[in-house]
Trainee: 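Can you keep this structure in mind? I'll have questions shortly.
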Amino acid sequence: MLAGRNRLPRNLSLKSRLEISRLLRHGQRISGNYFTLVWQPADRFGYAILVSRRHGSAVRRNRLRRLFREAIRLYRNQLEKPREMALLPKWNDEKPDFDLIRNDVARVFEKLNDEL
RNA sequence: CGAAGCAGGAGGAACAGUCGCGCUUUAAGUGCAGAUUUAAAGUGAGGAAAGUCCGAGCUCCACAGAAUCAGGGCGCCCGGUAAUUCCGGGGCGGAGUGAUCCGACGGAAAGUGCCGCAGAAACUAUACCGCCCGCUAACAGCGGGUAAGGGUGAAAUUGUGGUGUAAGAGACCACGGCCACCGGCAGAGAUGUUGGUGGUGGGUAAACCCCGCCCGGAGCAAGGCCAAAUAGGGGAAGAGGGGUUGAUUCGCCCCGUUAGAUUCCCGGGUGGGCUGCACAGAGCAAUCGCGUAACCGGUUGCCAAGAUAAAUGACUGUUGGUUUCCUUGCGAAGCUUACAGAACUCGGCUUAUCUCCUGCUUCGUUUU
RNA sequence: CGGGGUGUGGCGCAGUCAGGCAGCGCGCUUGCUUUGGGAGCAAGAUGUCGGAGGUUCAAAUCCUCUCACCCCGA
């Protein structure tokens with residue numbers, strides 16, 4: 001891995017309520033084992049991870065968000081075209097495991113490349 | 001050796017490396033600029049960051065404006081502290097064989113209320129069984145006396161002994177208990193102890209209340225500045241309205257009276273940035289001194305997260321820790337853990353919780 | 001982050017201030033009535049009062065801690 005290849009700065013995350021609600025309304029969906037991906041074509045890569053109080057305590061929510069963000073960081077370069085995407089982790093009581101999440105994200109990204 | 005009590009302490013795996021994120025500083029690039037990109041260095045969650053239960057700082061409400069009422073809090077003593085309902089020490093009461101622990105710990109003799117059921121009777125009156133006396137037609141009934149015993153109840157009229165009597169009773173006596181007042185001694189005080197006089201009236205104040213002391217309200221989404229947007233939008237009411245404390249009064253302040261304050265209804269816009277705010281402080285660490293201690297004082301060193309759809313993450317190796325398995329050994333496999341994530345900042349309290357360590361004390365058993 | 005509120009049968013609520021057998025409406029079950037259903041009538045079942053401690057003789061009620069849910073804010 002060359003330095004600088006797998007960066008994921010903060011300003012790539014989607015922050016506006018307007019952007020996110022538009023993405024959720026019009027985007028297409030792909031399901032993984034641990035999350036649902038909503039995506040649409042865009043000029044520039046952008047991501048959002050949506051966790052709510054349904055996902056557990058503050059520690060658990062932080063942990064989920066960080067693990068998903070790390071997975072996106074590692075596999076972002078496999079995408080062939082820029083996409084805007086939102087990840088909706090599924091609710092369960094299990095302890096989040098990074099390997100499972102990482103593999104899941106990799107598989108879903110491959111599916112995303114097959115579309116169009 | 002076993003059981004138990006108390007007082008603390010350590011860690012939140014360590015080291016090395018790779019990738020990544022936030023912030024600060026510096027340098028370089030781009031740009032008129034706001035900014036933005038890259039690199040380097042520094043730095044980056046807790047003992048509870050939590051609950052938001054207390055106490056403060058800070059900000060606004062005119063400078064906590066004044067009075068009365070309402071409301072709230074606290075309640076043995078002394079000390080500590082910026083302050084507290086917190087902390088330390090002591091007193092008293094209770095639990096425990098004990099070390100030790102627990103206590104919203106002023107007043108029920110100022111007044112009011114309540115005390116269901118049961119019971120004769122629940123606080124000022126009374127008697128179911130019983131006991132005693134009298135009368136009668138006598139294993140019973142009626143009248144009277146009594147409250148020692150039984151019974152009811154969470155609670156029953158101050159305890160023990162005696163005198164007394166038909167039987168009994170603070171009816172009386174002695175010694176106690178408790179309360180009030182006046183002293184003596186010890187103590188800084190709570191209090192302890194002791195003497196006198198008078199009294200003897202159940203419980204409940206986390207029921208109202210009384211006594212003493214204290215408390216102005218709201219909160220960093222406080223508050224200040226800038227930018228952007230609509231629009232000096234439409235309709236109705238309208239001469240007073242609003243703020244200042246929960247209420248009233250006084251005082252004060254602000255806006256307004258046809259160029260329309262304010263209220264209601266309808267419709268619409270922005271929901272961005274900077275500051276507050278990342279802190280030289282009731283600061284942290286080490287050490288010395290005073291004090292039983294909380295704490296206080298001196299010296300030296302340090303400057304220690306600052307996000308905002310919200311940074312603090314992932315992986316590899318070694319070591320350590322730990323669990324399981326068996327072929328018991330420099331074995332293998334797994335795990336790296338509980339509770340839990342800063343959001344203006346402190347001091348406490350409370351609640352949740354993993355692993356390990358140290359010291360002191362008590363009780364029991366055995367041996368000497 | 002800050003402020004405030006609510007938890008009581010299956011559902012919606014009263015009772016909490018002022019402590020003393022835990023109630024009301026709808027629903028549910030059974031029976032009667034009807035050719036059958038509905039309506040009606042009669043009878044009945046249903047509660048850790050969100051949880052844990054404390055005060056009290058006695059707690060849904062008073063006090064403390066705790067859990068869940070809801071509302072408000074520039």
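Throughout, protein chains are lettered first and strands after them, A, B, ... in sequence-line order, and every chain is numbered starting at 1.
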Trainee: Given B/G341, B/U308, B/A314, identify the nucleotide with an atom nearest to the side chain of A/Leu67.
Mentor: B/A314
Trainee: Grab the CZ-C1' distance between A/Arg61 and B/A50 for me, whole Å please.
Mentor: 13 Å
Trainee: Need the pair for B/G177. Rule: Watson-Crick or G-U wobble, both distances under 3.5 Å, any strand; none if unpaired.
Mentor: B/U200
Trainee: When the P atoms of B/A147 and B/G177 are compared, how many Å lie between them, rounded to an integer?
Mentor: 27 Å
Trainee: Applying a 4.0 Å non-hydrogen cut-off, can you work out what A/Arg102 is touching in the nucleic acid: base, sugar-phosphate, or nothing?
Mentor: nothing
Trainee: Could you measure between the two C1' atoms, the one in B/A56 and the one in B/A7, and give it in whole Å?
Mentor: 31 Å
Trainee: Taking B/A338 as the reference, what is the distance to B/G12 when you measure between their C1' atoms (whole Å, please)?
Mentor: 10 Å
Trainee: Is any side-chain heavy atom of A/Arg83 closer than 4.5 Å to one of A/Tyr47?
Mentor: no
Trainee: In terms of the nearest nucleotide of RNA chain B, which residue is placed more toward the 5' end: A/Asn62 or A/Leu50?
Mentor: A/Leu50
Trainee: Would you kindly give the CZ-to-P distance between A/Arg65 and B/G341, to the nearest whole Å?
Mentor: 13 Å
Trainee: Does the structure show a Watson-Crick or G-U wobble partner for B/C326, both distances under 3.5 Å? Name it, or say none.
Mentor: B/G329
Trainee: Provide the Watson-Crick or G-U wobble partner of B/A41, both distances under 3.5 Å; none if there is no partner.
Mentor: B/U24
Trainee: Could you give the distance separating B/G9 and B/U308 at their P atoms, to the nearest angstrom?
Mentor: 37 Å
Trainee: Give, for atom CE of A/Met85 and atom CG of A/Leu14, the distance between the pair rounded to the nearest 0.5 Å.
Mentor: 9.5 Å
Trainee: About how many Å separate CG of A/Leu50 and OG1 of A/Thr36, when rounded to the nearest 0.5 Å?
Mentor: 10.5 Å
Trainee: Take atom C1' in B/U230 and the same atom in B/U270, then report the distance between them in whole Å.
Mentor: 9 Å
Trainee: Write down the partner of B/C302 under the Watson-Crick or G-U wobble criteria, each distance required to be under 3.5 Å.
Mentor: B/G283
Trainee: Whole angstroms only, please: what is the CG-C1' distance between A/Leu12 and B/G20?
Mentor: 13 Å
Trainee: Under 4.0 Å, counting only non-hydrogen atoms across every strand here, what does A/Asp99 touch: a base, just sugar-phosphate, or nothing?
Mentor: nothing
Trainee: Apply the syn/anti split at 90° from 0 to B/G170 and say which one it is.
Mentor: syn
Trainee: Strictly by Watson-Crick or wobble contacts shorter than 3.5 Å, is anything paired with B/C250, and which nucleotide is it?
Mentor: B/G65
Trainee: The side chain of A/Val59 lies closest to which of these nucleotides: B/G22, B/G341, B/G313?
Mentor: B/G341
Trainee: Whole Å only: how far is the CG atom of A/Asp97 from the P atom of B/G334?
Mentor: 14 Å
Trainee: Taking the chi torsion of B/G151, is it syn (within 90° of 0) or anti (everything else)?
Mentor: anti
Trainee: Check the distance between B/C21's C1' and A/Leu8's CG and give it to me in whole angstrom.
Mentor: 9 Å
Trainee: What I want to find out is whether A/Asp114 reaches A/Lys111 closely enough, with some N-O distance under 4.0 Å, to be called a salt bridge.
Mentor: no
Trainee: Counting only heavy atoms not in A/Asp43, do more than 12 sit closer than 6.0 Å to its CG atom?
Mentor: no
Trainee: Just to confirm, is there a sub-4.0 Å distance from OP1 or OP2 of B/U312 to any side-chain nitrogen or oxygen of A/Arg69?
Mentor: yes
Trainee: Which whole-number value in Å describes the distance from A/Arg73 CZ to B/U312 C1'?
Mentor: 14 Å
Trainee: Looking only at atom types and distance, does a side-chain atom of A/Arg44 sit under 3.5 Å from a main-chain N or O of A/Leu12, one as donor and one as acceptor?
Mentor: no
Trainee: Below 4.0 angstrom, N of the basic side chain to O of the carboxylate: do A/Arg73 and A/Glu70 qualify?
Mentor: yes
Trainee: Between C/G20 and B/U204, how far apart are the two C1' atoms, rounded to whole Å?
Mentor: 14 Å
Trainee: Is B/A99 in the syn or the anti form, by the rule that syn lies within 90° of 0?
Mentor: anti
Trainee: With both distances under 3.5 Å as the test, what is the Watson-Crick or G-U wobble partner of B/C315?
Mentor: B/G17
Trainee: Roughly how many Å apart are B/G96 and B/C54, using the C1' atom of each and rounding to a whole number?
Mentor: 34 Å
Trainee: In the strands shown, is B/A190 matched to any nucleotide by a Watson-Crick or G-U wobble pair with both distances under 3.5 Å, and which?
Mentor: none
Trainee: Just how far, in rounded Å, is C1' of B/G20 from CZ of A/Arg7?
Mentor: 8 Å
Trainee: Figure out the CZ/P separation between A/Phe98 and B/U336, and round it to whole Å.
Mentor: 14 Å
Trainee: Please state the P separation for the pair B/A221 and B/G256 - nearest whole angstrom.
Mentor: 33 Å
Trainee: On RNA chain B, check which nucleotide each of A/Ser57 and A/Arg66 is closest to and give me the residue with the more 5' one.
Mentor: A/Arg66
Trainee: Taking syn as a glycosidic torsion within 90° of 0 and anything else as anti, which one is B/G189?
Mentor: anti
Trainee: Syn or anti for B/A45, given that syn means the glycosidic angle lies within 90° of 0?
Mentor: syn
Trainee: Donor-acceptor pair, A/His55 side chain versus A/Pro89 backbone, under 3.5 Å?
Mentor: yes
Trainee: For B/A3, give its Watson-Crick or G-U wobble partner with both distances under 3.5 Å, or none.
Mentor: B/U362
